[in-house]
Structure formats: C-alpha cells, structure tokens
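Heads up, the thing below is written out as structure tokens.
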Protein chains: 2
Amino acid sequence: MKYLDILLALLKLGVRCDRTVLITTQELGRLLNISQQSASRLLCRLEKEGYIQRESSPIGTKVSLTSKAMGELLEAYKILHKTFTGLQYEMILCGKVFTGLGEGKYYVTLPYYYRMWQEKLGFSPYPGTLNIRLEPEYIRLRKILENIPAIEIKGYSNKLRSYGGVKCFKGEIENIECALLLIERTHYGPDVIEIIAPVCLREKLKLKDGDKVKVRVKL
Amino acid sequence: MKYLDILLALLKLGVRCDRTVLITTQELGRLLNISQQSASRLLCRLEKEGYIQRESSPIGTKVSLTSKAMGELLEAYKILHKTFTGLQYEMILCGKVFTGLGEGKYYVTLPYYYRMWQEKLGFSPYPGTLNIRLEPEYIRLRKILENIPAIEIKGYSNKLRSYGGVKCFKGEIENIECALLLIERTHYGPDVIEIIAPVCLREKLKLKDGDKVKVRVKL
DNA sequence: ATTACTAAAAGACGAGTAA
DNA sequence: TTTACTCGTCTTTTAGTAA
C-alpha cells in the first residue's frame, strides 16, 4: 500500500494495466508536488519493485501498470467501496449468450480440471460452459480481471497433453452461484467470458442465443 | 493525497468521520510497518495537518477522521470507482417519504435561499421539500455526506433574523433532477434528508407517506 | 526537449527513555 | 502499560548537470 498515492496519480494520467501512456517526469512531479528528479527516481523504483512497466526515451517515459499494482489498487478500492457504500464490491459484466463449439464441455469434464473445480470452487459443475460475448464497454473490465488476484488453476504439461491455466472468479448470474473463467489458451477474443455453475444455466434461466445476461463477480 | 495509505489503514481499523476508535501507536506501527515512534509522530502530523481528530492518553489514542480526510478519500474512491467499474460514482440512499410540518416550504421560498437555489443549483425549486426518513443502514452514508465537499450555502445572521447553512448535493430521484439538502439547523434527526426539485415530486411520482424512494446522489 | 546521475541538504527513522 | 521527546543515523530530496 506504500505507493497508493503515486499509482492513483498514474491512474489520473490515464495509465492502466492495458493502456500505456507517455508521461514526462516533469508533469508527474508537478502532479505529486515533487521535483522532476524525484519523479524520475520514483518511476525507476516502481519498475524495480514490479508496479509498472516502463520504457524511457528522450521524449518521455511510456508507463503501464502491472498486475501487482492493479491488485493493490483493488485492495484499496474494496476498503473505500465498503466505506462509501456499505456494500461489498462486485464487478458487474453484461453480455449476450452464444453457442460455442462444444470445447467447453470437453474441458470442464477433463479429470484434471474437474478435480480443480471441486477443490478450488467448491462445486461440481454442470458439464458445459455458458459462453458470453461481452458488450464493448465491459471489455475493459474483463482486462482488469485478467490483472488482479484470483483463484488460479495452474496449467501444466506432460508427455501426453498440456493443460492451459485458468483464472476463476466466484460470482452469481441471476442469483445462481457460478464461476467466471478466464481461460489462458482460448481461441475466443478478449470480449468472451465463460461461466460454469453447478446447474445447467441455459435450462435453469431459459437462455437462448442472443439473450442478455448480467454476471456479478465477487472480488 | 499524501497520506492515503495511512488514512486507509485507519479505515481498516474502523476509524470513520463519525466513529472514534481507540488505537495504540504500536498496532498502527505494526500495520504500516513502521516503529511505534514513527506511528506516534505520524498521528501528531495528521492532526496538525487537519486529517484526524485525536485525544491521546496513557491507554492509547482516540482517533476519528475529519472532513478533510473524508474528502481526500472520496477523491481517491472516485478515481478507483471509475477504473474498476467504468462508471461515475453515485451514492444511493433509500428511505420512506413522510410529511413534515410545512417549514420546508417556508424555508425554500425565503428570498435569500431562493436566490441561492437558482444560483448554486441551477433551478427554481417547487416550493416545498420532500422529506425522507432513511432506512437505518443508510444513516451511515448520510453522515459521510455531512463530511465531504458539497455545494455550500452559507448561513448568516442580521439583526432581523438568522439563516442556517445548507449543504447541497445534486442528484436524481427516479430519474428526475433534484437536490439533496442537509440543513444545518434542523429539528429532524440524522436519519432525515430533504429533497427539492424543479417539480412537485409528490405529484410527479405519485408519492404517499410511507412510500419507499431511492435517491441517487452525484458526487 | 527528455531521463537520470552526483552531491549536499533536508527530512524521516528507530533506539533509548521520560512522563 | 501508554505517548512522545531527543539524538544519532540513514534515507530521501532537490539543485546542478551530463547524456
């Protein structure tokens, strides 16, 4: 939590985990009320300690935030959200249901993953994923999810096959417990999320392709 | 924004603008990874710079946050909220409509205040206030509103009469533009807010006493 | 323009300790 | 037990300046 004020200043300048911004140490210094030299040293240190990615040149420094920074900012956000709303923070994502190619079903039921769902998510999922194509304004949030702490299922390879990693968030979809999966090796773009749940969401919620759904992610 | 990490640590310990907590410099030091001495110095400084109220004794220090601190925390919260939700922050308050004693109408139309509404809120209000008794869980939020920057209408006295100050927040009630008023000299308790709007909200929204309404405050 | 080095000054730190 | 002072040390800062 040591660099919160500085990370916040970077957010103010438009820097994100998925957005690199060219800033000068002078303007950063002005924003933080420190000298250009201190701002320069600060960026060096933030990089060394893993909070930013950085590329300096004679015209300025290109900066983006790392997952470590996003994680700390989220921690701060959670405390503040609790303070200013009295509520636990949930990220809400909206999108439309679509039918995939059936690989979801295949992966969910692979023994390695199936054990992991039970162990790390605490439920045995219905064999299949609900594919959701996010509305454009939510893609930014999905990218944030990629960069904050989550329930991680590590990928691994043996001689026979290799398993990609999966990042999971517990949540709810129309009041039904579910988990949002960010699948490392997916052929879908950054606008797609996959959901698993103990029940068949398509049936339970009577969903057809194109139906709009709202997923609440608990962070 | 300099003491954000420290103010956040205080929030974590349960300190609020309306809640004094007894803490020891030792535990604060442990939380911030600094010595007891530095934590002590820090609290002195926070007090001197107007971020906390403080009362130290041989059993510890009673600490509460000032409006200045709440304002800075809110600034941080707004940036983070924008980052993590993509939305502007709004505080939502819920409560039930009730009928007052008619003083709302009297005050709203007093020439001094009427000029102020027009000047500072940008509309000419319907002559009357909508009184709302907040549900218990929202009283905390009302107290936060009291302690953050707002549109201020200063009170003043002359020989004839004295006018109390009013703190205003712009907002919406069921999609109708309105303003929430926190009236300095009110005989209502901290669970009551008063709303003014360019239209008669009771008529427009067909409200009866006891009806539940939701006010969105834009911060 | 920039970034970022060096050196000297300023400020922050914890140990010891009084109250 | 507390808080919070002094003091010596160490860290951080800025000004000057090189690249």
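Numbered from 1 within each chain, the chains take letters A, B, ... in sequence-line order. Not measured: the values here are computed from a predicted model.
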Sorted by number, residues from residues 19-33 of chain A placing a heavy atom under 4.0 Å from DNA chain D are none
Show the atom names and distances, to 0.1 Å, of all donor-acceptor pairs under 3.5 Å that link a side chain in residues 7-24 of chain A to residues at least two apart or in another chain.
unit_1	atom_1	unit_2	atom_2	d
A:Arg16	NH2	A:Leu11	O	2.9
A:Thr24	OG1	A:Glu27	N	3.1

Calculate the interatomic distance between B:Ile34 atom CD1 and D:dA4 atom P; express it in whole Å.
-> 14 Å
Side-chain N or O of A:Ser35 less than 4.0 angstrom from OP1 or OP2 on D:dT13?
-> no
A:Ser64 and its side-chain hydrogen bond (donor to acceptor under 3.5 Å, both in side chains) partner, picked from A:Arg54, A:Glu55, A:Gln53 = A:Gln53
Before accepting this row, confirm whether a basic side-chain N of the pair B:Lys218/B:Glu172 lies closer than 4.0 Å to the acidic partner's carboxylate O.
-> yes
Carboxylate-amine/guanidinium proximity below 4.0 Å for A:Glu146 and A:Lys143 = no
Counting N and O atoms only, with roles assigned by atom type, does the side chain of A:Arg140 sit under 3.5 Å from a partner on the main chain of B:Thr83, one being a donor and the other an acceptor?
-> yes
Anything under 4.0 Å to a heavy atom of chain A counts; send over the first and last such nucleotide of DNA chain C, read 5' to 3'.
-> C:dA1 to C:dC5
Contact list for residues 1-11 of chain B, test side chain to side chain donor-acceptor pair (under 3.5 Å), sequence neighbours left out | B:Tyr3-B:Arg45, B:Tyr3-B:Glu49
Starting from Watson-Crick (N1-N3 plus N6-O4 or O6-N4) and G-U wobble pairs under 3.5 Å, report the runs of at least three that DNA chain D belongs to.
-> C:2-19 with D:2-19
Has the side chain of B:Gln37 got a donor or acceptor atom that lies under 3.5 Å from a matching backbone atom of B:Ser35?
-> no
Donor-acceptor pair, side chain of A:Lys212 and main chain of A:Cys94, under 3.5 angstrom = no
Any sub-3.5 Å donor-acceptor pair from B:Lys78's side-chain atoms to B:Tyr89's backbone N or O?
-> no
Counting only heavy atoms not in B:Lys167, do more than 12 fall under 6.0 Å of its NZ?
-> yes
Assign A:Ser56 to base, sugar-phosphate, or nothing according to its heavy-atom contacts below 4.0 angstrom with the strands shown.
-> sugar-phosphate
Where protein sits on nucleotides 5-12 of chain D, one letter per nucleotide: B base, S sugar-phosphate only, - none, heavy atoms under 4.0 Å | B------S
Give, for atom CG of A:Leu182 and atom CZ of A:Phe169, the distance between the pair rounded to the nearest 0.5 Å.
-> 5.5 Å
Under 3.5 Å donor-acceptor, A:Arg133 side chain and A:Asp191 backbone = no
Count the heavy atoms belonging to other residues, nucleotides or ligands that lie under 6.0 Å from OH of A:Tyr107, then report whether that count exceeds 12.
-> no
